[in-house]
Number of protein chains: 2
Amino acid sequence: MLSKKTKYGLKALTYLASLESREPVQIAEIAKHENISQKFLESILLTLRRNGFLGSKKGKGGGYYLIKEPEDILMTAVMRVLEGPIAMVPCVSLNFYEKCADCPDENKCSVNKLMLQVRDSALEVYRNNTLADLIAS
Amino acid sequence: MLSKKTKYGLKALTYLASLESREPVQIAEIAKHENISQKFLESILLTLRRNGFLGSKKGKGGGYYLIKEPEDILMTAVMRVLEGPIAMVPCVSLNFYEKCADCPDENKCSVNKLMLQVRDSALEVYRNNTLADLIAS
DNA sequence: CAATACCCTATCGTTTTTATAGATTTTAAT
DNA sequence: ATTAAAATCTATAAAAACGATAGGGTATTG
């Protein structure tokens with residue numbers, strides 16, 4: 001299951017990207033427009049800022065804004081930051097690899113063999129989608 | 001993340017398929033060979049039996065055995081029974097569809113658009129793999 | 001009778017989600 | 001320059017859902 005954190009983060013990014021201006025947008029406005037709990041969204045936007053997707057401006061007239069062009073924001077990066085590893089099992093993860101404790105030989109493991117294919121197919125999707133692609137109706 | 005239920009279920013099925021005979025195999029033997037907690041495996045084998053993948057024989061000399069040929073066991077079916085929906089979001093699920101409460105229009109939803117592609121790519125992998133494919137070294 | 005599968009329930013731990021409270025920074029207005 | 005409002009940031013933790021495990025009883029077969 002996709003976590004709500006990821007779902008809300010994607011929606012927030014999409015909303016910001018859909019606006020013509022790159023002026024700061026208040027959290028309250030994003031939360032209201034996308035039907036998200038404001039406080040929860042607050043922490044999500046923070047991690048997106050910390051990971052270089054968003055900039056923020058404090059004080060009156062402040063808010064969050066995209067720091068890169070939607071065309072340059074790859075879903076692989078967004079998903080890894082919000083959802084974590086793309087692989088369903090650590091033993092097939094590129095960025096978060098871990099050996100299975102129970103498995104004596106990965107090359108002979110049926111789970112490994114299947115999940116490797118699933119990872120590759122998911123990666124191809126994420127690599128072929130930028131934030132801009134998700135907006136185009 | 002792949003649940004351990006699914007992981008163990010797949011390993012158990014693989015082990016049974018790898019044996020030449022289709023005689024009943026005791027839970028204890030499967031658990032030991034695959035490093036799985038016997039009690040946990042018990043409940044997993046039960047759901048595999050209830051869903052038509054395994055047969056069981058009670059009493060002395062009893063155990064579980066494959067009810068179909070490995071070539072006829074599709075990963076789509078196995079994954080749906082063990083892991084649940086293949087889609088990461090209910091609004092793109094074929095077998096477990098549910099409308100999002102917060103989303104006014106699915107066709108304009110960026111999450112929907114992305115997860116639809118992910119679902120299709122995963123489905124293609126599962127449709128192209130039978131239990132027999134996972135055994136072939 | 002003994003071995004084994006089946007079934008029901010309770011518990012523990014982790015993750016996810018939401019909620020609360022307050023501190024800090026920045027801006028705009030006076 | 002000062003003040004007050006607006007907004008971000010930080011920290012904590014309660015609530016809920018889920019995963020994994022364990023215990024013990026019942027039924028069936030050889």
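Note on naming: letters A, B, ... go to the chains in the order of the sequence lines (proteins, then strands), and numbering restarts at 1 for each one.
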A.B. asks: Nearest 0.5 Å, please: how far is CG in A/D105 from SG in A/C100?
C.D. replies: 11.5 Å
A.B. asks: Which atom names give the shortest non-hydrogen contact between B/T14 and A/S110, and what distance separates them?
C.D. replies: OG1-OG, 2.8 Å
A.B. asks: Whole-Å distance between C/dT17 P and A/L82 CG?
C.D. replies: 12 Å
A.B. asks: Does the side chain of B/E83 come under 3.5 Å of the side chain of B/S3 through a donor N or O and an acceptor N or O?
C.D. replies: yes
A.B. asks: Would you mind reading off the distance between B/L45 atom CG and C/dT4 atom P, rounded to a whole angstrom?
C.D. replies: 15 Å
A.B. asks: Do any side-chain nitrogens or oxygens of A/R49 fall under 4.0 Å of OP1 or OP2 in D/dC9?
C.D. replies: yes
A.B. asks: May I have the distance from A/L48 (atom CG) to D/dT8 (atom P), rounded to whole angstrom?
C.D. replies: 14 Å
A.B. asks: Could you tell me whether A/K39 and A/E42 make a salt bridge, using a distance below 4.0 angstrom between a side-chain N and a carboxylate O?
C.D. replies: yes
A.B. asks: So for atom CD, which belongs to B/E124, do other residues, nucleotides or ligands contribute more than 12 heavy atoms lying within a distance under 6.0 Å?
C.D. replies: no
A.B. asks: Does A/R50 make a side-chain N or O approach to OP1 or OP2 of D/dT8 shorter than 4.0 Å?
C.D. replies: no
A.B. asks: Would you mind classifying the nucleic acid contact of B/I27 as base, sugar-phosphate or nothing, using non-hydrogen atoms under 4.0 angstrom?
C.D. replies: sugar-phosphate
A.B. asks: Exactly one of A/V78, A/L82, A/I67 should register a side chain to side chain contact (heavy atoms under 4.5 Å, CB included) with A/F53. Which one does?
C.D. replies: A/V78
A.B. asks: Quick one: A/I36 CD1 to C/dT17 C1', roughly how many Å, whole number?
C.D. replies: 13 Å
A.B. asks: About how many Å separate CD of A/Q38 and CD1 of A/I30, when rounded to the nearest 0.5 Å?
C.D. replies: 9.5 Å
A.B. asks: Side-chain heavy atoms nearer than 4.5 Å, only ILVMFWY residues, links allowed to pass through others: does that put A/L74 and A/L131 together?
C.D. replies: no
A.B. asks: Between residues 83-100 of chain A and DNA chain C, which residues have a heavy-atom gap below 4.0 Å?
C.D. replies: none
A.B. asks: Figure out the CD/P separation between A/Q38 and C/dA19, and round it to whole Å.
C.D. replies: 12 Å
A.B. asks: Base, backbone or nothing for each nucleotide of nucleotides 16-30 of chain D, written B, S, -, heavy atoms under 4.0 angstrom, 5' to 3'?
C.D. replies: ----SBSBB---BBS
A.B. asks: Atom CG of A/L41 and atom C1' of D/dT8: how far apart are they, to the nearest Å?
C.D. replies: 13 Å
A.B. asks: Whole Å only: how far is the CD atom of A/E29 from the C1' atom of D/dT8?
C.D. replies: 16 Å
A.B. asks: Quick one, A/L54 and A/L16 - any side-chain contact, counting heavy atoms below 4.5 Å?
C.D. replies: yes
